[in-house]
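The next block holds one structure in the form of structure tokens; read it before the comments.
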Protein chains: 2
Amino acid sequence: MSLRMALLGLLKATGPASGYDLAKLFDSSINNAWKAGHSQIYPELARMTEDGLVTVEADGPRGRKTYTLTDAGWEALRHWLVGREPERHWRSEAALRAFLLPLLDAREAAAWLRREAEYYAERLRSLEELRHADGEEYPMKRAGFGRYALELGISQNRLLRDWALDSAADLERRAAEEENETATGEDAAERRAGD
Amino acid sequence: MSLRMALLGLLKATGPASGYDLAKLFDSSINNAWKAGHSQIYPELARMTEDGLVTVEADGPRGRKTYTLTDAGWEALRHWLVGREPERHWRSEAALRAFLLPLLDAREAAAWLRREAEYYAERLRSLEELRHADGEEYPMKRAGFGRYALELGISQNRLLRDWALDSAADLERRAAEEENETATGEDAAERRAGD
DNA sequence: AGAGCCATGTAACTAGTTACATGATTCG
DNA sequence: CGAATCATGTAACTAGTTACATGGCTCT
């Protein structure tokens, strides 16, 4: 359903487009919110045509098919956006790893987190560039389309970067404390064993 | 693969458990990072047994099967955690809606965002409670397991709440400006048409 | 003529969802 | 003895991934 809505939204925002165009738009715009390859998009467009949400004109060069949003299509999108509770579940491999991280040795986990932080920092940079890019470089920016999603993406990547750095520092502090304990305190360990 | 790793991680952290236990643990702990129902967990455990990652003892009451992590299972988990780039793609219905939001009327979009903000605020409250809960109420907290994921979840919900409120305010400001323009300025519109 | 991009699709597979189905035990 | 919970599974379906397959058009 979400894929379908993403396609309807892109058609609403850009006007008529081919499956090929939509696949490219996916990569360059909505990409931070949803992902789909052409092998998923083409059959979905065919089903949407059957359901009357889009109409197709097969005319362009190389058998290019141009899809146009119908009234029913726009109505379906509006209804989905406004009239339904969103699905809240998300699956994120990054979050899962975060969850499992304390199973590792603290130093190892910290090192991994620092590499993650670099990734998020890089990502943050590229999204901030998008914010300052004008309409030609980032065509979806026209009409404020994607504006709020872009801000969200930027904030989230900043958050993830900071979280990774803070967690790494925390793990390193804990590792250092432990090492300190075992190094200075054979006697302390004996004291603990005694009570 | 991620489901498999989540199950291995839970077994590592809690010790031997049944499919039923693991399904409940999923709901109560790892839930913010990954989601799975029993109909996905049971067959996965069967496959993991075939692959030698866990062993099964069918002994308990009501045909309860107890799964135990093997050395190969722990090794597989370690390797997945440390030795691979994570998959970065995420699909989030919330983010997709954020992207498509500017297609709606500004007032309507703002109202929707304010409802969203309430949802995130509620979620934030319940995660913050978890942070202060002791080990009995939140068993995964033992040994710091899930600690970093919990902090991440709290930060993310706070971010989403604030993002929704800020975006709503922005949309309302824009709507007000537009209304102001059309109300006061027939002449202004003509002036614009003239240049 | 050949490289590169435009453009569309299908097939086989893995992952995840929803609904159905069954029965044992425990507690009040 | 009945309700709640424990406990396991399967079947049918939808969504998403990866790999394969084909051919047209444009530019050099």
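Just so it is clear: chains get the letters A, B, ... in the order the sequence lines come, proteins before strands, and each one is counted from 1. Just so we're clear, the structure is a prediction, and the values are computed from it rather than from any experiment.
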Whole Å only: how far is the NE2 atom of A:H38 from the P atom of D:dT22?
-> 14 Å
Can you find a side chain N or O atom of B:Y20 that sits less than 4.0 Å from OP1 or OP2 on D:dT8?
-> no
Picking from D:dG9, D:dA15, D:dC25, which would you name as closest to the side chain of B:Y42?
-> D:dG9
Please state whether the phosphate of C:dA7, meaning OP1 or OP2, lies under 4.0 angstrom from any side-chain nitrogen or oxygen of A:K24.
-> no
Spacing of B:R91 atom CZ relative to D:dA15 atom P, expressed in whole Å | 12 Å
Are any of the side-chain nitrogens in B:E118 or B:R115 under 4.0 Å away from the carboxylate oxygens of its partner?
-> no
Can you tell me if B:S29 uses its side chain to pair, donor with acceptor, with the backbone of B:F26 under 3.5 Å?
-> no
Of A:Q40 and A:P61, the one whose nearest nucleotide on DNA chain C sits closer to the 5' end is A:P61
Give a yes or no on whether the backbone of B:S18 and the side-chain of B:D21 come within a donor-acceptor separation of less than 3.5 Å.
-> yes
Got a sec, which pairs hit ring pair (Phe, Tyr, Trp, His ring centres under 6.0 Å) with one end in residues 39-58 of chain A, sequence neighbours left out?
-> A:H38-A:Y42
Measure from CZ on A:R4 to C1' on D:dT14 and round the result to the nearest Å.
-> 12 Å
With sugar-phosphate meaning primed atoms plus P, OP1 and OP2, does B:S39 contact a base, only sugar-phosphate, or nothing at under 4.0 Å between heavy atoms?
-> base
Could you state the CD1-P distance from A:I41 to C:dA7, rounded to the nearest angstrom?
-> 14 Å
Grab the CZ-P distance between A:R62 and D:dA21 for me, whole Å please.
-> 23 Å
Result for side chain to side chain contact (heavy atoms under 4.5 Å, CB included) between A:L25 and one of A:L11, A:T14, A:I30 points to A:T14
Nearest-nucleotide wise, let me know which of A:E44 and B:E87 is further upstream toward the 5' end of DNA chain D.
-> A:E44
Separation of atom CD in B:E93 from atom P in D:dG16, rounded to whole Å = 11 Å
When A:K35 and B:T66 are each assigned the nearest nucleotide of DNA chain D, the 5'-most assignment goes to B:T66
Return the value, rounded to whole Å, for the distance between atom CZ of A:R47 and atom P of D:dC13.
-> 15 Å
Nearest-Å distance, CG (B:L3) to C1' (C:dG16)?
-> 9 Å
